[in-house]
2 protein chains.
Amino acid sequence: MDVIKNKEYGLDQEQLARFAKAMGHPARITILNYLASMDSCYFGEIHNELPIAKATVSQHLKELKDAGLIQGEIETPKVKYCINRDNWEKAQSYFATFFALKNEKISCCN
Amino acid sequence: MDVIKNKEYGLDQEQLARFAKAMGHPARITILNYLASMDSCYFGEIHNELPIAKATVSQHLKELKDAGLIQGEIETPKVKYCINRDNWEKAQSYFATFFALKNEKISCCN
DNA sequence: TTCGTAGTTCGCAAAATTACGAACAATAAT
DNA sequence: ATTATTGTTCGTAATTTTGCGAACTACGAA
């Protein structure tokens, strides 16, 4: 009776990677920083913080939204963006747990 | 006298994005998890944890090394990999600070 | 109706990422 | 000298990401 090794990635690992990937661009970090520290958060203000075209900003916002880290709401004629608090806290917890793993151990190399 | 707006990204934002990007793939999260929880950490063992070819594993390890999250040491004929503790803690602190930003505020949307 | 504002979506190009097998290097064992 | 072990590097292909301008949508105002 052989042990069958699951070669797929775990759900937690996929989820953490997803959050990390969404944060893996300086423009998106800047957006998140901005949204995390402001309450007024229209597209135009975000665009103004960044050195890139509005089409590109829109794309980055879409990726952050798809990853669940932010949410957008139409407030005609503007669009208001905010941090998605639930997922923000989820991400926070995922990262915290992840990094804490190492601290429980004595390292082999350093 | 005009205010000149710096359109570049801040160093902290670049650094955090760099860490996040390195973590932005389930295989690399799996590697980091493994290294964070084990002391014996040869290439072969890591490869064994993953559903991908060794060439690809080697590539992922290189990216993690380039991002500073791990380090490798030749122990002929094997290669021993470990978490880079200094940068690990640096990353931990960057992420913690980043996520804490939001918690200091009352959100506009949620 | 026509115009202006605020963003999104489209189409495209360039670059980066992901993945693999094959070839390679370095050493140890036969 | 040949072979086996352990990983890395090379070459390549497929996909994704990043970025832009132009076109488009939706709405309100003139």
Side-chain angles (χ1 to χ4, degrees), chain A residues 7-9 13-14 16-32 34-35 38 40-82 108-109, chain B residues 7-9 13-14 16-32 34-35 38 40-82 108-109:
Chain A
K7 287 290 207 170
E8 292 300 305
Y9 302 112
Q13 280 150 13
E14 299 268 13
L16 181 52
R18 187 116 210 285
F19 283 141
K21 190 173 183 184
M23 292 173 61
H25 190 288
R28 293 195 290 267
I29 290 292
T30 303
I31 291 169
L32 291 172
Y34 189 73
L35 289 181
M38 305 282 285
S40 58
C41 36
Y42 295 110
F43 174 92
E45 302 174 68
I46 297 169
H47 178 208
N48 228 259
E49 291 293 305
L50 300 170
I52 52 181
K54 63 182 176 169
T56 310
V57 173
S58 207
Q59 247 177 192
H60 282 307
L61 287 167
K62 181 169 165 27
E63 285 174 68
L64 289 171
K65 204 161 50 174
D66 289 349
L69 290 171
I70 67 171
Q71 57 198 197
E73 181 189 349
I74 295 172
E75 207 166 270
T76 307
K78 302 188 181 181
V79 179
K80 188 156 93 174
Y81 282 99
C82 316
C108 58
C109 303
Chain B
K7 288 292 208 168
E8 292 301 304
Y9 302 112
Q13 281 149 14
E14 299 267 14
L16 180 52
R18 188 116 209 285
F19 284 140
K21 190 174 182 183
M23 293 173 61
H25 190 288
R28 293 195 292 267
I29 290 293
T30 302
I31 291 169
L32 292 172
Y34 188 74
L35 289 180
M38 304 282 285
S40 58
C41 35
Y42 296 110
F43 175 91
E45 302 174 69
I46 297 168
H47 178 209
N48 227 260
E49 291 292 305
L50 300 170
I52 52 182
K54 62 182 178 171
T56 309
V57 173
S58 206
Q59 248 177 192
H60 282 307
L61 287 167
K62 181 169 165 26
E63 284 174 70
L64 289 171
K65 204 161 50 176
D66 289 348
L69 291 171
I70 68 171
Q71 58 199 199
E73 182 188 350
I74 295 171
E75 206 166 272
T76 305
K78 303 189 180 181
V79 179
K80 187 156 91 175
Y81 282 101
C82 317
C108 59
C109 304

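Small disclaimer: the values here were computed from a predicted structure and weren't measured. Below, chain A is the first sequence line, B the second, and so on; all start at residue 1. For the numbers below, each heavy atom of this structure counts, side chains included, while hydrogens, waters and symmetry mates do not.
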Exercise. Which part of the nucleic acid, if any, lies within contact of A:Thr76, taking any heavy atom under 4.0 Å across all strands shown: a base, the sugar-phosphate backbone alone, or nothing?
Worked result: sugar-phosphate

For this session: Would you tell me if any nitrogen or oxygen in the side chain of B:His25 comes within less than 4.0 Å of OP1 or OP2 on C:dA19?
Result: yes

For this session: Remember a base hit wins even if backbone is also touched, and classify B:Ala55 as base, sugar-phosphate or nothing at under 4.0 Å, heavy atoms.
Result: base

Problem set entry | Shortest side-chain distance from B:Gln59, nucleotide among C:dC20, C:dT8, D:dG7 | C:dC20

For this session: Describe the nucleic acid contact of B:Lys78 in one word from base, sugar-phosphate, nothing, applying a heavy-atom distance below 4.0 Å.
Result: sugar-phosphate

Problem set entry | B:His60 side chain near C:dA19 phosphate (N/O to OP1/OP2, under 4.0 Å) | yes

Exercise. Would one find a side-chain N or O of A:His47 under 4.0 angstrom from OP1 or OP2 of C:dA6?
Worked result: no

Exercise. Between A:Gly24 and B:Leu61, which is nearer to the 5' end of DNA chain D once each is assigned its nearest nucleotide?
Worked result: B:Leu61

Exercise. Is any side-chain nitrogen or oxygen of B:Tyr81 closer than 4.0 Å to OP1 or OP2 of D:dT8?
Worked result: yes

Exercise. Relative to the 5' end of DNA chain C, which residue comes earlier, B:Pro77 or B:Ala27, by the nucleotide with the nearest heavy atom?
Worked result: B:Ala27

Exercise. For B:Lys21 and C:dT17, is the shortest distance between a side-chain N/O and OP1 or OP2 below 4.0 Å?
Worked result: yes

Seminar exercise, completed: Picking from D:dG7, C:dT9, D:dA23, the nucleotide nearest the side-chain atoms of A:Lys54 would be D:dA23

For this session: Calculate, to the nearest 0.5 Å, the distance between atoms CZ and NZ belonging to A:Phe43 and A:Lys54 respectively.
Result: 7.5 Å

Exercise. NA contact type, A:Glu63, heavy-atom cut-off 4.0 Å: base, sugar-phosphate, or nothing?
Worked result: sugar-phosphate

Exercise. For C:dT18, does either OP1 or OP2 sit under 4.0 Å from a side-chain N or O belonging to B:Thr56?
Worked result: no

Seminar exercise, completed: Side-chain contact check for B:Phe43: nearest option of D:dG7, C:dC20, D:dG21 is D:dG7

Exercise. Looking only at heavy atoms, which two atoms of A:Ile46 and A:Cys41 are closest? And how far apart?
Worked result: CD1-O, 4.4 Å

